[in-house]
Asker: 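My structure is below; once you've seen it, I'll send some questions.
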Amino acid sequence: MDLLISDVTKQRLGQAKRVVVLTGAGISAASGIPTFRGENGLWTKLAPQELASFEGFYRNTAVVSEWYKHRRDIIEVCQPNAAHTTLVELEKLVAEFTLITQNIDGLHQRAGSQDVIELHGTIMQNYCTRCNRQYSVAEFAQIYNRSSNHVPRCFCGGIVRPNVVWFGESLPVAAYERAYKASMQAEVFLAIGTSAQVRPAADLPMIAKEQGAYLIEINIVKTVLTPHADLFLEGAADKILPQFNREYQSLLANV
Ligand code: APR
């Protein structure tokens, strides 16, 4: 594979103390988890408003609960891929590294990333819409399997939902504030495997860019972000990132 990073990139990366990474569904594609848009994306076959909104959940609790349980069952047998594990290595090379994800699959944590800002929540947690009692995957499975019509109910009688951000819902304030602040101070910003279409997460790369960050995009196709990227690395994240990391390591070794 040819060298990925140019002399300009080397200069910017070599000097960077604050690196921010934003990941989307594309980083988990190699692990076997479907993306949402693009070829074979979930939203090309299913209606997001029906399955990923509170209205859809309220209208059809059993269907939405089953869908999230199905996705959780898939995720639980998937493994982090080389892109996830490379970000754990990349973090060791950087003075201030911030990992922001739109993904709810928990693969960054399972790969070893210690501090992941989950802008859209996590499918691994559920909570009661009435008393806010938290349910782990195992605890949720108990009440789900006990429910007569696949409507998971809390011990208080309230309905239990996944701890994910649905369309029309606000992002967790503390998570977004951390992500926004890191993006404002980023010297290098990597956008990896995201179509950059869902705000406010999609705004973060441009917020960083407008503050002077060097913007690198890794994707298998061009996106709305590509024209603004200082470096567009076209390819699968689990192939590009290990090579990128090797070049970054040798760059730092020669600085
Ligand atoms: N390597 C890199 N990029 C990839 C790969 C891969 N192996 N496979 C797919 N991609 C790219 C696609 O080209 C696409 O641009 O990943 C991107 C995935 O885009 P989306 O499916 O739109 O996912 P994402 O950007 O994370 O969506 C944001 O939308 O539905 C909501 O809450 C959901 O968090 C999600 C948000």
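Every number for a ligand or one of its atoms is a count from 1 in the order of the listing. Position 1 is the first residue of the sequence; numbering continues from there.
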Asker: Between the main-chain N or O of Ala229 and the side-chain N or O of Lys209, is there a donor-acceptor pair closer than 3.5 Å?
Answerer: no
Asker: Pairwise, report which nitrogen or oxygen atoms of ligand 1 are under 3.5 angstrom from protein nitrogen or oxygen atoms, and how far apart they are.
Answerer:
unit_1   : atom_1 : unit_2 : atom_2 : d
ligand 1 : 1 (N)  : Ala237 : N      : 2.9
ligand 1 : 13 (O) : Asn219 : OD1    : 2.7
ligand 1 : 15 (O) : Asn219 : ND2    : 2.9
ligand 1 : 16 (O) : Gly193 : O      : 3.2
ligand 1 : 19 (O) : Ser195 : N      : 3.3
ligand 1 : 21 (O) : Phe36  : N      : 2.7
ligand 1 : 21 (O) : Arg37  : N      : 2.8
ligand 1 : 22 (O) : Arg37  : NH1    : 2.7
ligand 1 : 22 (O) : Ser195 : OG     : 2.6
ligand 1 : 25 (O) : Thr194 : OG1    : 2.7
ligand 1 : 25 (O) : Ser195 : N      : 2.9
ligand 1 : 25 (O) : Ser195 : OG     : 3.3
ligand 1 : 26 (O) : Ala25  : N      : 2.8
ligand 1 : 27 (O) : Arg37  : NH1    : 3.1
ligand 1 : 29 (O) : Arg37  : NH1    : 3.1
ligand 1 : 29 (O) : Arg37  : NH2    : 3.2
ligand 1 : 30 (O) : Arg37  : NH2    : 3.4
ligand 1 : 30 (O) : Trp43  : NE1    : 2.8
ligand 1 : 32 (O) : His120 : ND1    : 3.4
ligand 1 : 34 (O) : Gln102 : O      : 3.0
ligand 1 : 34 (O) : His120 : ND1    : 2.9

Asker: Which hydrophobic side chains are connected to Tyr176, either touching it within the sub-4.5 Å cutoff or through other members that do?
Answerer: Val20, Leu22, Ile100, Ile117, Leu119, Val165, Leu171, Tyr180, Met184, Phe189, Leu204, Met206, Ile207, Leu215, Leu225
Asker: Who else is in Val63's hydrophobic cluster (ILVMFWY, side-chain heavy atoms under 4.5 Å, direct or via others)?
Answerer: Ile33, Phe36, Leu42, Trp43, Leu46, Leu51, Phe54, Phe57, Tyr58, Val64, Trp67, Tyr68, Ile75, Ile104, Leu107, Ile123, Met124, Val137, Val151, Ile159, Val164, Trp166, Phe167
Asker: With side chains defined as the heavy atoms from C-beta onward, is the minimum distance between Arg133 and Tyr135 less than 4.5 Å?
Answerer: yes
Asker: side-chain contact (heavy atoms from CB on, under 4.5 Å) with Ala111: which residues, sequence neighbours excluded?
Answerer: Pro80, His84, Thr85, Val88
Asker: Checking side-chain contact (heavy atoms from CB on, under 4.5 Å) for the pair Ile192/Leu87: CA distance, chi angles, key distance, verdict?
Answerer: CA-CA 11 Å; Ile192 304 171; Leu87 287 180; 4.1 Å; yes
